[in-house]
Protein chains: 2
Amino acid sequence: MASELNDLRRPPAAGDDRRDDQPEEEAAGARDQSSLSTVRNAARLLAAFAPGERDLGVTDLARRLDLPKSSVHRLLTALVSAGLVERAERHGHYRLGVRLYELGEMAPSRAELHGVSLGALDELHARTGEMAHVAVLDGRDVVAVERRETPGLLKLATRLGHRHPAHATSAGKVLLAYLPLPQRAAILTGDDLEAPTPHSISDRGRLEEELAKVRSRGWAESRHELEVGLVSVASPIRDVRGRVVAAVGVAGPASRLTRDVVRRLAYETTRTGLAVSAGLGYRAHDAASRPRQG
Amino acid sequence: MASELNDLRRPPAAGDDRRDDQPEEEAAGARDQSSLSTVRNAARLLAAFAPGERDLGVTDLARRLDLPKSSVHRLLTALVSAGLVERAERHGHYRLGVRLYELGEMAPSRAELHGVSLGALDELHARTGEMAHVAVLDGRDVVAVERRETPGLLKLATRLGHRHPAHATSAGKVLLAYLPLPQRAAILTGDDLEAPTPHSISDRGRLEEELAKVRSRGWAESRHELEVGLVSVASPIRDVRGRVVAAVGVAGPASRLTRDVVRRLAYETTRTGLAVSAGLGYRAHDAASRPRQG
DNA sequence: CCCTGTCGTTCCGTCCGCCGGAACGGAAGG
DNA sequence: CCTTCCGTTCCGGCGGACGGAACGACAGGG
């Protein structure tokens with residue numbers, strides 16, 4: 001029974017000034033609260049499968065979403081006929097559909113980078129021997145859209161499409177650092193910064209200092225900030241207009257990625273970032289047009 | 001290059017809203033026609049971005065979907081707040097969101113195969129030198145969920161997530177061949193088989209013969225059937241219960257993939273298929289339990 | 001620069017299609 | 001077998017979506 005029934009429309013006061021130029025409160029963090037409750041619930045239903053739940057039943061979903069069974073069943077029927085959800089072989093169970101995967105591949109943040117980053121990522125992977133990846137920002141999280149596994153034994157357990165708090169990863173720091181200040185402020189608003197480890201940056205002031213450092217040297221590092229023992233380095237990827245749209249980086253165990261190794265890796269990721277940016281149409285020599293941010 | 005996943009056809013048809021007392025309809029591949037028009041329209045809206053349209057505006061979408069502008073705008077607002085759609089930088093334009101990509105990665109047909117097929121696919125790619133891929137069935141189409149590009153110059157232009165008619169590809173033949181007869185009948189019902197080239201199989205009887213051949217030798221071939229000059233070979237991937245859930249194959253130019261090369265490639269794909277199946281828990285020596293189908 | 005066509009966005013009254021409680025039927029398990 | 005749980009269907013009442021129309025913001029050509 002989510003009721004935001006207090007959306008009282010206040011008749012405009014004498015001044016009749018209803019046109020504030022900042023309708024922006026949502027930016028990225030805020031979800032739902034819009035109208036079209038059916039669409040909202042459909043999206044919530046899809047998201048319920050995200051934590052890795054393969055097959056779910058009606059009653060189970062109804063409990064998680066706090067919706068009546070019949071409503072969940074109606075939603076599922078509609079989503080099945082739209083192809084976004086499929087019936088599992090187990091009677092009365094459902095799972096995400098192939099069409100959803102198909103649509104996801106079409107998301108520009110993925111599709112654009114896919115083509116141009118393939119070769120460069122392979123090369124980065126070959127030259128460094130560490131897990132290489134390309135990531136984009138979504139809200140205050142960073143999502144990997146492309147990756148190469150390390151050939152060795154020590155693999156990272158994360159999967160493509162999984163998300164991590166941006167401020168605790170090197171790629172996330174890059175993406176935050178080059179985000180225009182108002183957007184960054186909108187994203188980092190609200191509750192405190194999550195601290196996955198004791199080494200994570202949880203203070204907003206310190207984060208801004210760190211981001212300034214990232215901007216000044218052009219790459220970011222994360223030591224033990226997402227997980228103890230994990231180190232990563234990342235550099236920006238720019239589109240044709242110079243905007244930072246993604247980050248490319250490598251990650252590996254702290255035992256291999258010592259301070260001076262990191263410096264070499266930073267060189268490699270920056271090189272790769274420039275190559276991919278060039279593939280997107282960015283001309284690096286246009287240094288004058290390098291956008292000022294922060 | 002127009003509509004591939006645009007079989008969400010039939011806009012609500014303006015004045016044609018008739019209350020039929022026959023809720024009885026066929027099953028299987030039926031799309032739409034359910035209630036929850038809001039969800040259906042939301043899905044159609046998402047699908048409108050599929051043909052590679054990056055950014056679309058309200059009026060444009062309204063035209064394509066044959067919906068009022070205000071309704072499209074309302075849908076977009078809801079989808080944006082759900083994260084499935086994002087606002088593009090161009091004022092008033094929209095694009096598919098990262099969350100959609102994220103959900104797509106969670107689709108079981110993708111997620112399961114991803115982990116176990118990585119190594120095997122790499123090896124297949126290395127041993128054959130041709131483009132290697134893993135595909136699943138969706139309706140009467142086959143969708144690639146994993147792939148390795150050929151290192152050479154002659155690359156295939158298709159992208160991950162794109163779909164092709166199943167009966168015209170080797171992977172699709174494999175998937176159709178091992179589909180239980182009732183399901184296959186349900187899928188292949190209705191209008192005729194598409195024939196992308198003059199070599200395509202368009203007759204249902206001939207297709208059944210071909211599928212029987214596929215079952216008897218355990219692999220499938222497609223020569224010029226999807227595109228003239230393109231040849232592919234594929235073998236099944238089975239899950240722990242022995243059901244064929246995907247196909248693994250290689251594709252390349254007919255000039256390289258001569259008859260006897262194909263025989264060697266069939267050996268390789270079969271070998272890879274068995275390896276991946278083993279990763280999914282399938283025990284090949286359980287030959288007795290090899291399901292009888294067709 | 002202004003004018004104009006175009007498109008995104010907002011508004012609002014009407015009415016229809018969704019909501020959800022409750023009953024039905026089928027599957028699993030003791 | 002009985003019991004229990006769950007997926008599916010049904011239906012009346014009402015809340016929220018629909019969509020035409022007006023508004024406001026751009027962009028481009030005269």
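So that the names make sense, note that chain A is the first sequence line, chain B the second, and so on, each numbered from 1.
Checked against side chain to side chain contact (heavy atoms under 4.5 Å, CB included), A/Thr38 has the following partners two or more places apart in sequence or in another chain: A/Leu75, B/Leu36, B/Thr38, B/Val39. In terms of the side chain to side chain contact (heavy atoms under 4.5 Å, CB included) criterion, A/Ala47 has no residue partners (sequence neighbours excluded). Taking B/Ala88 as the reference, B/Asp55, B/His93, B/Arg95 meet the side chain to side chain contact (heavy atoms under 4.5 Å, CB included) condition, with sequence neighbours excluded. For the side chain to side chain contact (heavy atoms under 4.5 Å, CB included) test, no residue two or more places apart in sequence or in another chain qualifies with B/His91. Qualifying side-chain hydrogen bond (donor to acceptor under 3.5 Å, both in side chains) partners for A/Asp239, counting only residues two or more places apart in sequence or in other chains: none. Residues forming a side-chain hydrogen bond (donor to acceptor under 3.5 Å, both in side chains) with B/Glu208 (at least two apart in sequence, or on another chain): B/Arg184. Contacts of A/Arg87 classified as salt bridge (Lys or Arg N to Asp or Glu O under 4.0 Å), with partners at least two apart in sequence or in another chain: none. Annotation: side-chain hydrogen bond (donor to acceptor under 3.5 Å, both in side chains) contacts of B/Arg63 (sequence neighbours excluded): none.
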Write down the protein N/O and nucleotide N/O pairs, taken from nucleotides 3-5 of chain C, whose separation is under 3.5 Å; answer none if there are no such pairs.
none

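No donor-acceptor distance shorter than 3.5 angstrom exists from the side chain of B/Arg238 to the backbone of B/Tyr282, with no hydrogens or angles considered. Checked by atom type and distance alone, the side chain of A/Arg163 never pairs as donor or acceptor with a backbone atom of A/Arg140 at under 3.5 Å.
Between B/Asn41 atom CG and D/dC18 atom P the separation is 7 Å, expressed in whole Å. We find that CG of A/Leu75 is positioned 17 Å from P of C/dG17, with the value rounded to whole Å. Per the geometry, CG belonging to B/Asp55 stands 15 Å off C1' belonging to C/dG8, to the nearest Å. The separation between B/Arg40 atom CZ and D/dA17 atom P is 16 Å, rounded to whole Å. As rounded to whole Å, 12 Å separates atom C1' of C/dC7 from atom CG of B/Leu61.
Residue B/Thr38 has no polar side-chain atom (N or O) positioned under 4.0 Å from OP1 or OP2 of D/dA17.
Across the helix from C/dC1-D/dG30 to C/dG30-D/dC1, the helix axis at one end is tilted relative to the axis at the other end by 50° (nearest 10 degrees, each axis from five pairs).
Using a 4.5 Å cut-off on side-chain heavy atoms (C-beta onward), B/Leu61 and B/Leu76 make contact.
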Quick one: what's the B/S/- string for nucleotides 6-15 of chain D, heavy-atom cutoff under 4.0 Å, read 5' to 3'?
-> SBBB------

